[in-house]
Amino acid sequence: MSTILHPTTTPDSTMLSLGRWQAVLATTAASVVGNLAIYLVALIAGGSLEVIDKGAAKPISASGIVGISALPTAIGVGLVVLLSLRWPAMIRVGQVVGAALPLLTIALAAMADTDGITKTALILMHVLMAAAIVAGLELLHRRVVGRANG
């Protein structure tokens, strides 16, 4: 009697990957926590954390940072997750769009009427959000590709 071995292409158990809803939650959490950390550093560094709009100073609050970080990230990554159920290639499209939108809106932060520390913090928040989206979707892609090949 002989044993026939069939090669498989299971994902490496040491390779980190995320399921669909884990990707949404982890990406959103990374975006929020990272942006709050940048906010805290800007606060400690003496940034005004205010933007002048039509002559009036509008403070940037921590709760505002949470909202503006969590909502677009969760909605965007959630949409990619839903679309990837039918079209797995949408994960790559989501990475491109998810990186492009925050990076393109850096111009708004750069043109803000505020001090340099606050402006720099706002720009870094956009960059961090783009990086979190790309990384979170990459971890999802690993899981989806691993299942397709497994």
Side-chain angles (χ1 to χ4, degrees), residues 3-45 47-51 53 58-112 114 116-150:
T3 304
I4 299 174
L5 298 176
H6 298 284
T8 60
T9 56
T10 58
D12 183 5
S13 63
T14 61
M15 184 172 72
L16 182 62
S17 67
L18 294 174
R20 284 184 165 82
W21 299 112
Q22 291 171 331
V24 175
L25 294 175
T27 303
T28 302
S31 180
V32 169
V33 171
N35 283 343
L36 283 175
I38 293 169
Y39 178 85
L40 182 61
V41 169
L43 189 64
I44 292 169
S48 69
L49 299 171
E50 294 180 338
V51 177
D53 185 29
K58 300 212 176 192
I60 301 168
S61 65
S63 61
I65 296 298
V66 169
I68 203 71
S69 300
L71 289 175
T73 304
I75 291 168
V77 174
L79 181 61
V80 170
V81 162
L82 289 173
L83 291 172
S84 74
L85 290 169
R86 177 83 170 114
W87 302 287
M90 290 305 294
I91 296 170
R92 291 297 191 209
V93 173
Q95 285 180 302
V96 172
V97 173
L101 289 177
L103 294 177
L104 290 172
T105 57
I106 283 177
L108 299 173
M111 293 185 306
T114 188
I117 293 172
T118 302
K119 193 177 288 194
T120 302
L122 292 172
I123 290 169
L124 288 174
M125 288 178 194
H126 284 78
V127 172
L128 183 132
M129 187 179 285
I133 291 168
V134 170
L137 289 176
E138 180 59 31
L139 294 175
L140 170 62
H141 183 262
R142 289 178 182 180
R143 174 75 56 96
V144 170
V145 168
R147 280 194 186 145
N149 292 335

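Computed from a predicted structure; not experimentally measured.
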So, for Leu122 and Ala109, which heavy atoms are closest and what is the spacing to 0.1 Å?
CB-CB, 3.8 Å
Show me the pairs that pass side-chain hydrogen bond (donor to acceptor under 3.5 Å, both in side chains) and involve residues 126-137, at least two apart or across chains.
Thr105-His126
Residues two or more places apart in sequence or in another chain: which of them pass side chain to side chain contact (heavy atoms under 4.5 Å, CB included) with Thr114?
Ser48, Ala112, Thr118, Lys119
What distance separates Arg142 CZ from Leu137 CG, expressed to the nearest 0.5 Å?
12.5 Å
Between Arg143 and Ser17, is the side chain to side chain donor-acceptor pair (under 3.5 Å) condition met? List the steps.
CA-CA 5 Å; Arg143 174 75 56 96; Ser17 67; 3.0 Å; yes
Within this structure, what is the CD1-CG distance for the pair Ile123 and Leu128, rounded to the nearest 0.5 Å?
14.0 Å
If I take atom CG from residue Leu36 and atom CG from residue Leu43, how far apart are they, to the nearest 0.5 angstrom?
11.5 Å
Using the side chain to side chain contact (heavy atoms under 4.5 Å, CB included) criterion, which residues pair with Ala42? Sequence neighbours excluded.
Leu49, Ile117, Ala121
I'd like a table of donor-acceptor pairs (distance under 3.5 Å, sequence neighbours excluded) in which one partner is a side-chain atom from residues 91-104, with atom names and distances.
| unit_1 | atom_1 | unit_2 | atom_2 | d |
| --- | --- | --- | --- | --- |
| Arg92 | NH1 | Gln95 | OE1 | 2.7 |
| Arg92 | NH1 | Glu138 | OE1 | 2.5 |
| Arg92 | NH2 | His141 | ND1 | 3.0 |
| Gln95 | NE2 | Val134 | O | 3.0 |
| Gln95 | NE2 | Glu138 | OE1 | 3.4 |

Please collect all side-chain hydrogen bond (donor to acceptor under 3.5 Å, both in side chains) contacts where either partner lies in residues 77-91, sequence neighbours excluded, each pair once.
Arg20-Ser84
Heavy-atom pair of closest approach, residues Ala26 and Leu18:
CB-CD1, 3.8 Å
Do side-chain atoms of Tyr39 reach the backbone of Met125 as a donor and acceptor pair under 3.5 angstrom?
no
Might you point out which heavy atoms bring Val144 and Pro88 nearest each other, and give the distance in Å?
CG1-CB, 3.9 Å
Distance-only donor-acceptor hits, side chain of residues 64-75, under 3.5 Å, sequence neighbours excluded:
| unit_1 | atom_1 | unit_2 | atom_2 | d |
| --- | --- | --- | --- | --- |
| Ser69 | OG | Asn35 | ND2 | 2.8 |
| Ser69 | OG | Ile65 | O | 2.7 |
| Thr73 | OG1 | Ser31 | OG | 3.4 |
| Thr73 | OG1 | Ser69 | O | 2.7 |

Which is it for Val81 and Leu140 under the side-chain contact (heavy atoms from CB on, under 4.5 Å) test, yes or no, and what are the steps along the way?
CA-CA 9 Å; Val81 162; Leu140 170 62; 4.0 Å; yes
Just how far is it from atom CE of Met90 to atom CG of Leu82, taken to the nearest 0.5 Å?
11.0 Å
